[in-house]
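Computed from a predicted model, the values in this text were never measured in an experiment. No hydrogens, no waters, no symmetry mates; every other heavy atom, side chains included, goes into these values.
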Amino acid sequence: MKQRRLIAAVLAMGTLLLSSCRKDEDQAVLEAVDLKNESLNSFVDKNLSADEEAASLKNMTGGSVCGWGVYFSDCASITEDSETFPKTITIDFGDGCTGPNGITRSGIMYVHLTAPMDETGAIRTVTFENYQINSISVTGSRVTTNLGANDDGHPQFSREVNIAFTQNGSTFTRQFSSVLTWLSGYDTEECFDNSWMMTGSGTGTRPDGTVVPRVITSPLYYSHECGYIYQGVMQSTPPVGNITVDYGNGTCDNYATVTGPNGNTFTIELNP
């Protein structure tokens with residue numbers, strides 16, 4: 001009888017261990033969702049930022065050095081509702097417009113400017129109508145304000161992001177407050193010498209409604225030449241514990257290293 005009870009206890013313990021393994025597997029799925037969110041967010045943010053800068057900062061006549069001519073194909077219709085400020089720039093990509101970088105956009109992006117974006121205090125508000133980047137639908141708004149130069153003479157911009165992006169029926173939302181410091185290229189006509197540093201914090205919301213705090217614990221660095229965040233650390237805090245995304249130490253590539261709550265590390269691509 002005692003032996004039977006011992007066997008039963010061992011079997012029960014095995015069941016608990018299997019249950020724990022299943023929970024670990026379930027948690028791995030949730031972490032994968034967060035990583036997918038991070039990858040999608042990186043892709044969406046990079047392309048929206050490029051569009052906004054092209055439409056509202058350098059060489060707005062659309063020349064080939066920097067501006068509309070670099071980012072937007074001839075299939076995009078670009079209009080302004082006024083020759084003076086404030087004004088709204090409407091970029092209509094129609095049912096689908098593939099740009100020089102191979103990215104296909106559709107729908108409409110509205111860029112409202114209170115003043116030229118190189119003026120301190122100028123505010124840029126970007127909204128969307130039936131807008132997609134490749135297969136990713138984007139809604140919400142992005143508000144950028146010129147804060148003027150910091151003590152080192154670098155222009156700074158605050159950015160308030162409140163967007164949702166949907167792919168394959170799954171919707172992620174992102175609220176993020178950041179400060180972007182323009183490190184190089186601000187006073188040149190070219191785009192390809194531009195580089196920035198970003199700090200900030202906010203939240204990301206999973207498709208199941210779980211809200212995950214996110215904070216930049218080490219400033220993120222991005223350059224136009226590289227095309228990706230190449231340095232810095234982002235930390236998110238889902239219910240299971242901290243997840244860090246390390247973008248590297250300065251080497252340009254399309255990867256980031258992720259460390260989960262259990263200390264395991266693996267690599268993600270920064271494009272979906």
If hydrophobic clusters are built from ILVMFWY residues whose side chains come within less than 4.5 Å, do [X] and [Y] share one?
X	Y	answer
Met109	Ile123	no
Tyr230	Trp182	no
Val143	Phe176	no
Phe85	Phe157	yes
Tyr228	Tyr221	no

### Query
Restricting to pairs with a member in residues 195-233, which pass disulfide bond (SG atoms under 2.5 Å apart), not counting sequence neighbours?
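Only Cys226-Cys252 qualify under disulfide bond (SG atoms under 2.5 Å apart).
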### Task
Give the C-alpha distance, both sets of side-chain angles, the deciding distance and a yes or no for side-chain hydrogen bond (donor to acceptor under 3.5 Å, both in side chains) between Thr104 and Thr98.
CA-CA 4 Å; Thr104 299; Thr98 301; 2.7 Å; yes
Under 3.5 Å, is there a donor-acceptor pair linking the side chains of [X] and [Y]?
X	Y	value
Ser141	Thr127	no
Gln235	Thr244	no
Asp253	Thr251	no
Thr144	Arg159	yes

Is the backbone N or O of [Y] less than 3.5 Å from a side-chain atom of [X], with the two atoms forming a donor-acceptor pair by type?
X	Y	value
His154	Ala149	no
Thr181	Leu183	no
Asn254	Glu269	no

### Message
Thr173 and side-chain hydrogen bond (donor to acceptor under 3.5 Å, both in side chains): which single residue from Thr205, Thr139, Thr166 fits?
### Response
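Exactly one option meets the side-chain hydrogen bond (donor to acceptor under 3.5 Å, both in side chains) with Thr173, and it is Thr205.
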### Message
Can you tell me how far apart CD (Gln156) and OG1 (Thr120) are? Round to the nearest 0.5 Å.
### Response
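The distance works out to 11.0 Å.
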### Task
Find the distance between CG (Asp193) and OH (Tyr186) and round it off to the nearest 0.5 Å.
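Asp193 atom CG to Tyr186 atom OH measures 13.5 Å (nearest 0.5 Å).
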